[in-house]
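Here's the structure, in structure tokens; my notes come after.
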Amino acid sequence: MAGYIEKRLYEGEVLRHRGQFHWIVHARAWAALILLGVLVFGIVYFIMEMVRVNTTEFVVTDRRVVLKTGLWSADVEEITLDAIEGSSLKQSIFGRIFDYGRLSIHGRGETHIRFPNMAHPQTFRAEAERSKQAAIAPDGSRAG
């Protein structure tokens with residue numbers, strides 16, 4: 001089943017990489033359900049996390065980096081590849097061990113996208129950089 005972003009790609013745009021949540025996000029929700037399930041809090045937390053995980057998409061295409069959140073309404077943040085100026089990654093010790101972290105991609109000026117904790121954030125960042133380099137022709141102009 002195509003996600004929100006796949007349905008809204010521009011003509012000729014190609015999806016190059018889809019980010020995903022790390023299994024620890026799911027484990028944390030299940031632990032809350034199991035350990036706190038007798039309380040309403042555990043059930044509510046589990047439902048909220050599963051809705052968030054299943055309604056959040058983050059992708060790299062051959063033209064832009066996109067983060068979509070929201071169930072009833074869509075909050076879409078995007079930065080075109082040529083506007084990316086850098087990125088930052090925050091990982092705890094467990095994030096380094098289990099390969100997850102919180103990536104931020106910075107664009108021109110005040111523009112930035114803060115992604116939720118994701119699995120393999122270095123891969124996502126590397127794909128954004130590869131896509132950016134592929135979009136720029138050797139003479140410095142945009143390819144395509």
According to a 4.5 Å side-chain heavy-atom criterion applied to Ile, Leu, Val, Met, Phe, Trp and Tyr, with indirect links allowed, do Ile93 and Ile24 form part of one hydrophobic cluster? yes

What do the steps show when you test His17 against Phe124 for ring-ring contact (aromatic ring centres under 6.0 Å, His included), and what is the final call? CA-CA 7 Å; His17 184 76; Phe124 192 90; 5.7 Å; yes

Quick one, Ile113 and Ser104 - any side-chain contact, counting heavy atoms below 4.5 Å? no

Using a 3.5 Å distance criterion without hydrogens, assess whether the side chain of Asp75 forms a donor-acceptor pair with backbone atoms of Gly70. no

With sequence neighbours left out, write down each residue that passes side chain to side chain donor-acceptor pair (under 3.5 Å) with Tyr45, or none if nothing qualifies. Arg28

Is there a side-chain contact between Asp99 and Pro121 in this structure, where contact means two heavy atoms from C-beta onward sitting under 4.5 Å apart? yes

Taking only residues two or more places apart in sequence, or in another chain, which ones meet Ala74 in a side-chain contact (heavy atoms from CB on, under 4.5 Å)? Tyr4, Lys68, Val76

Taking atom CZ of Arg102 and atom NZ of Lys90, what is their separation to the nearest 0.5 Å? 10.0 Å

Does the side chain of Ser88 come under 3.5 Å of the side chain of His106 through a donor N or O and an acceptor N or O? yes

Output all residues satisfying side-chain contact (heavy atoms from CB on, under 4.5 Å) with Leu71, sequence neighbours left out; order by chain, then residue number. Val51, Thr55

Step through it carefully: locate the ring centre of Trp23, locate the ring centre of Phe98, and say whether they are under 6.0 Å apart. yes

Does one hydrophobic cluster hold both Val53 and Leu67, with members joined at side-chain heavy-atom distances below 4.5 Å? yes

Sub-6.0 Å ring centroid separation between Phe58 and Phe21: yes

Which heavy atom of Pro116 sits nearest to which heavy atom of Arg52, and what is that distance? CB-NH1, 3.7 Å

Evaluate whether atom CD1 of Ile97 has more than 12 neighbouring non-hydrogen atoms of other residues, nucleotides or ligands under 6.0 angstrom away. yes

How long is the straight-line distance from CD1 of Ile79 back to NZ of Lys132, given to the nearest 0.5 Å? 10.5 Å

Can you hop from Val59 to Tyr100 via hydrophobic side chains spaced under 4.5 Å? no

Please enumerate all residues that pass side chain to side chain donor-acceptor pair (under 3.5 Å) together with His22, with sequence neighbours excluded. none

Residue pair Ser131 / Leu81, side-chain heavy-atom distance below 4.5 Å: yes

Would you please name every residue forming a side-chain contact (heavy atoms from CB on, under 4.5 Å) with Ser87, sequence neighbours left out? Leu103, Ile105, Arg125

For the side chain to side chain contact (heavy atoms under 4.5 Å, CB included) test, which of Arg108, Arg114, Glu110 pairs with His112? Arg114

State which residues pass side chain to side chain donor-acceptor pair (under 3.5 Å) with Glu13; sequence neighbours excluded, sorted by chain then number. Thr61, Arg64

When you look at Glu57 and Arg18, which way does the side chain to side chain contact (heavy atoms under 4.5 Å, CB included) test go after all the steps? CA-CA 8 Å; Glu57 298 178 56; Arg18 172 176 286 284; 3.2 Å; yes

When you compare the side chain of Leu15 with that of Glu6, does any pair of heavy atoms fall below 4.5 Å? yes

Heavy-atom closest pair (Arg63 atom, Gly12 atom, distance to 0.1 Å) is NH2-C, 3.6 Å

Evaluation steps, side chain to side chain contact (heavy atoms under 4.5 Å, CB included), between Gln91 and Gln122: CA-CA 11 Å; Gln91 286 184 299; Gln122 296 92 340; 3.4 Å; yes

Atom CG in Leu33, atom CD in Glu49: separation rounded to 0.5 Å? 12.0 Å

